[in-house]
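Data first, discussion second: the structure below is written as structure tokens.
Every chain is numbered from 1, with letters handed out A, B, ... down the list of sequences.
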There are 2 protein chains.
Amino acid sequence: MKLSTKGRYAVTAMMDLAIHDREGPVTLADISQTQGISLSYLEQLFAKLRKRGLVEGVRGPGGGYRLARMPHQITVAEIITAVDENVDVMRCHGDGNCQDGVRCLTHELWAELSNRLYEFLDGITLDQFVERPEIREIARRQDEEAKRMNFVFPRPAA
Amino acid sequence: MKLSTKGRYAVTAMMDLAIHDREGPVTLADISQTQGISLSYLEQLFAKLRKRGLVEGVRGPGGGYRLARMPHQITVAEIITAVDENVDVMRCHGDGNCQDGVRCLTHELWAELSNRLYEFLDGITLDQFVERPEIREIARRQDEEAKRMNFVFPRPAA
DNA sequence: TTTATTCTTGACTGTTTTACTTGGTTATTG
DNA sequence: CAATAACCAAGTAAAACAGTCAAGAATAAA
Ligand code: FES
Ligand code: FES
């Protein structure tokens, strides 16, 4: 397992998606602006998320991305493994042969660690966070901020 | 937290150390050969482990490294954080300001994740594995292998 | 039907981290 | 003294990371 900025970005974006799920598809440009993540980088991440069946894209005006499942059916583990391809905690990838073809000293340790780690991350679903009032408050603030940015010149006085 | 080969090497080496703790200091050359890790790379890792007070070095002939504490007092979390300096699961490093100075959407999620992950890794100590018969068996095999390598020509028949 | 919107794809770039090497210098033992 | 083994400082090739750029394809709205 690897927990880097990449996985963090992915989870952040998925959370944004979960929060605005009822308001129709969310555009990557929106997420980019709201969460401060590079648009083109998001595109790469969402390509992977889509291949894993976590999100689905809607093209054309009014389009964007939408969760492919209910928030309580999407776990943090899935999101992270979707974008972080080498999730190899073990050198042997579970085959038990990294020591000249035989099992190495720490195989068991990593196997156990890997299992419990995955179980743990797999127990955290998106909905566990989006429902919290503190989170909703932050989301509301972000939305207002975005609105303020977009309509700074609503109609030039003329 | 970051779980990479680096941390894996460190834990592997520490485990080797824990197993051979009673036979006096263990040399890095031994670990290098037994576990298949580059000697100079081990030196770098052990420099960090030493700075964190996890091991102590004994110089000169017959020297090597030795655990600075009992195996049940050394956790996997300590070992990993010792060699992986940037343990920043959160972009804000706990300050809650990665979103233009204010708390971002996923701050809580990462804080909680970070906490529980650390607690989990902190609950695993070295002795929990070195006592297992399967592990001891692998260690025994490794030792024999090493012996066979060293004494391939014990005394040329003459 | 045109057009704007948005997803989708591929290639490309600079920076950082990994894993490892080279080449030393101390300190300790016999 | 010579052998041993910890210490230390640089440097390096390859990979991963974070991000950019550009072109295209599908679709909804005008
Ligand atoms: S990690 Fe499985 S054999 Fe080494
Ligand atoms: S992670 Fe703490 S504010 Fe974003």
Between [X] and [N], does any side-chain N or O lie under 4.0 Å from OP1 or OP2?
X	N	result
A:Thr5	D:dC17	no
B:Tyr9	C:dT18	no
A:Tyr65	C:dT8	yes
B:Thr27	D:dA6	yes
A:Ser38	D:dT20	yes
B:Arg50	D:dA6	no

Any donor-acceptor pair under 3.5 Å linking the side chain of [X] with the backbone of [Y]?
X	Y	value
B:Arg66	B:Val26	no
A:Thr106	A:Leu109	no
B:Glu78	B:Arg52	no

For a quick check of understanding: with a heavy-atom distance under 4.0 Å over all strands, which category does [X] fall into, base, sugar-phosphate or nothing?
X	value
B:Leu28	sugar-phosphate
A:Val26	sugar-phosphate
A:Phe46	nothing

Using the 3.5 Å cut-off, write out each protein N or O paired with an N or O of nucleotides 22-30 of chain C and the distance between them.
{"from": "C:dA27", "atom 1": "O4'", "to": "B:Arg59", "atom 2": "NH1", "distance (Å)": "3.2"}

Margin query: Against the six-membered ring of A:Phe129, is A:Arg132 placed for a cation-pi contact (under 6.0 Å from the centre, within 45° of the normal)?
Written below: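 Yes, A:Arg132 and A:Phe129 form such a contact.
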Given atom [atom1] of [X] and atom [atom2] of [N], what is their separation to the nearest angstrom?
X	N	atom1	atom2	answer
A:Lys48	C:dG10	NZ	P	13 Å
B:Lys6	C:dT17	NZ	C1'	7 Å
B:Leu45	C:dT18	CG	C1'	11 Å
A:Leu42	D:dT20	CG	C1'	13 Å
B:Leu49	D:dC7	CG	C1'	14 Å
A:Tyr41	C:dT13	OH	C1'	14 Å
A:Glu56	D:dA26	CD	P	18 Å
B:Ile37	C:dT18	CD1	C1'	14 Å

Margin query: Starting from B:Met70, can I reach B:Val76 by hopping between I/L/V/M/F/W/Y residues whose side chains sit under 4.5 Å apart?
Written below: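 Unlinked, B:Val76 and B:Met70 end up in two clusters.
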Please tabulate, for the side chains in residues 54-65 of chain B, all donor-acceptor contacts under 3.5 angstrom to protein atoms that are two or more places apart in sequence or on a different chain.
none

Item checked: Side chains of B:Lys48 and B:Lys6 in contact at under 4.5 Å (non-hydrogen atoms) ->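 Result yes, sub-4.5 Å side-chain heavy-atom pair found.
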